[in-house]
Amino acid sequence: MDRGGGMLMYYRRRGKQQTLKVWRSICTACLLLRDMLWCGTVTQQTAHKNTMVICVLGRYLLKSSLCSRSWCRKSSLYSAGHGFQPEEIREKLRAFPGGAVDLLTQGETGLAVLTVNNPSRMNAFSGAMMVELEERVSQLESWTQGKGLIVRGAAGTFCSGSDLNAVRAISNPQDGMKMCMFMQDALTRLQRLPLVSVALVEGRALGGGSELSTACDFRLMTPDSVIQFVHKHMGLVPGWGGAARLVRLVGDRHALRLLGGALKVDPELGLRIGLADGVLEEGAPQDGDEGAALRQAEEWLSRYTKGPAEVIRAAKRVVSSGRELPLTEALRAEKEVFGTVWGGEANLRALAGKTKHK
Ligand SMILES: CCC(=O)SCCNC(=O)CCNC(=O)[C@H](O)C(C)(C)COP(=O)(O)OP(=O)(O)OC[C@H]1O[C@@H](n2cnc3c(N)ncnc32)[C@H](O)[C@@H]1OP(=O)(O)O
């Protein structure tokens, strides 16, 4: 595991240690007070007052130690209490086969490419692909040397959402809720990966495909591409976390326009409202070179992933906590992440050199 790796483990361990420390301090203070009372050093009234102070302080400290633990728990959205039984849902989803979600990790560059691969259905997500997506996210969670991630679709188009054949078969409310929790969980974990992620949108990103694009840190569009939240036309709203993420990306009014109008977002509109972060150059399909857009995306992403993995991953972590947590908790999380790089190899190397930021 790298220096900054295993944030989850780190916070769990830290949270437990802090809670133990607080309990130990409370017990020691109470025992001390008891001894003083027995020896007659303090009156019963003073002892009573001090006990109250210890209890209030202890409560506060325990609460704040539990606070830092709650951030680590946030890496999985739902639990059994919410009726979330992942294995049961996986089994149900596997009944709808077809397509694949491919993952390629490049050790030398620290970049990974995740490809939604179901071209005969415009890369729609079959049930089996939803399960595969979650598995790939798990793989990326334990890829401790990674720095960047490109999410794309096969054969020149991004993703047309969930496979309508599977959707029809699980259109009852219970199954819909299960699929919703499963995909929200998988995409939230994708968004929280300590990797700088970019959705490479070629062709169309429709419905769940548009939601998938919002789970990345950035969106790059090819000139003829379209992102469209078509949910309204399906009598739906987003359920994979796309609405909550869209509001944070473009603000509530643009989000309402995109959802309420099922507007087609081309690169120009995408750039204007802040949904797109860049437009790639014209040309890939005409040249018969399918990899051109991917190469451009890799080059674009490499600007933000150059440098030591522990520093890039730490940068993503502080942004993730800043994006999701209230300020006080985000500041505490930032302090913890800061502690993983301060005095670290990259920091010491930089200090030893003659640094000038020109
Ligand atoms: C989470 C909520 C959701 O995601 S709800 C699903 C939202 N998505 C949709 O409604 C997409 C519906 N599909 C379309 O609008 C069109 O197929 C789009 C993607 C625009 C492509 O049009 P066009 O280039 O003319 O190709 P086409 O329609 O002939 O499609 C090729 C084959 O792909 C299939 N396909 C496409 N999308 C899906 C989908 N989401 N689920 C299942 N199959 C899909 C089409 O049916 C077509 O298949 P076939 O060649 O007729 O066998």
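Indexing begins at 1, ligand by ligand and atom by atom, following the structure's order.
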Looking at Arg272 and Glu268, does any basic side-chain N land under 4.0 Å from a carboxylate oxygen? yes
Going by distance only, is there an N or O of Gly208 that falls short of 3.5 Å from an N or O of ligand 1? yes
Among Glu88, Glu132, Glu87, which one satisfies salt bridge (charged side-chain N to carboxylate O under 4.0 Å, His left out) with Arg94? Glu87
Test: Glu336 and Arg317 ion pair at under 4.0 Å: no
Taking Thr305's backbone N and O only, do any of them form a donor-acceptor pair with Lys147's side chain (distance below 3.5 Å, no angle check)? yes
min-distance protein heavy atom vs atom 14 (C) of ligand 1 -> Leu206 CD1, 4.3 Å
Looking at Arg204, which atoms of ligand 1 are within less than 4.0 Å of one of its heavy atoms? 20 (C)
Return the closest protein heavy atom for atom 50 (O) of ligand 1 as residue, atom name and distance. Ser120 O, 4.8 Å
Measure from the side-chain N and O atoms of Asn118 to the backbone N and O of Ala124, and report whether any donor-acceptor pair falls under 3.5 Å. yes
Leu195 and Lys316: which non-hydrogen atoms are nearest, and at how many Å? O-NZ, 2.9 Å
Under 4.0 Å from atom 5 (S) of ligand 1, is there any protein heavy atom? yes
I want to confirm something. Looking only at heavy atoms, which of Ser160, Cys180, Gly203 is nearest to atom 8 (N) of ligand 1? Ser160
Classify the side-chain pair Ser321/Arg332 by whether it contains a donor and acceptor separated by less than 3.5 Å. no
Given the protein's heavy atoms, is any one of them under 4.0 Å from atom 52 (O) of ligand 1? no
What protein heavy atom is closest to atom 41 (N) of ligand 1, reported as residue, atom name and distance in Å? Leu164 N, 2.9 Å
Under the 3.5 angstrom rule, does the side chain of Thr157 hit a backbone N or O of Arg204 as a donor-acceptor pair? yes
Angle between ring planes, Trp240 versus Phe125, binned at 30° and 60°: parallel, tilted or perpendicular? perpendicular
Does the N or O separation between His231 and ligand 1 drop below 3.5 Å for any pair? no
Is any heavy atom of the protein nearer than 4.0 Å to atom 37 (N) of ligand 1? yes
In the protein, which heavy atom is nearest to atom 27 (P) of ligand 1, and how far is it? Met122 CG, 4.9 Å
Could you list the atoms of ligand 1 found under 4.0 angstrom from a heavy atom of Ala124? 39 (C), 40 (N), 41 (N)
Counting both backbone and side chain atoms, is some N or O of Met234 under 3.5 Å from an N or O of ligand 1? no
Which residue and atom name correspond to the protein heavy atom nearest atom 44 (C) of ligand 1, and how close is it? Arg121 O, 3.8 Å
Determine yes or no for a side-chain-to-main-chain donor-acceptor pair under 3.5 angstrom, with Arg136 supplying the side chain and Val101 the backbone. yes
Using modelled atom types and a 3.5 Å cut-off, is there a donor and acceptor pairing between side-chain atoms of Asp185 and backbone atoms of Leu77? yes
Using a 4.0 Å cutoff against the non-hydrogen atoms of Trp240, which atoms of ligand 1 qualify? 1 (C)
Please check if Leu263 and Leu275 belong to a single hydrophobic cluster, counting links between Ile, Leu, Val, Met, Phe, Trp and Tyr side chain heavy atoms closer than 4.5 Å. yes
For ligand 1, which atoms, with element, lie under 4.0 Å from some heavy atom of Gly161? 4 (O)
How far is atom 2 (C) of ligand 1 from its nearest protein heavy atom, and which residue and atom is that? Ser162 OG, 3.7 Å
Nearest protein heavy atom to atom 29 (O) of ligand 1: under 4.0 Å? no
For atom 22 (O) of ligand 1, state whether the nearest protein heavy atom is under 4.0 Å away. no
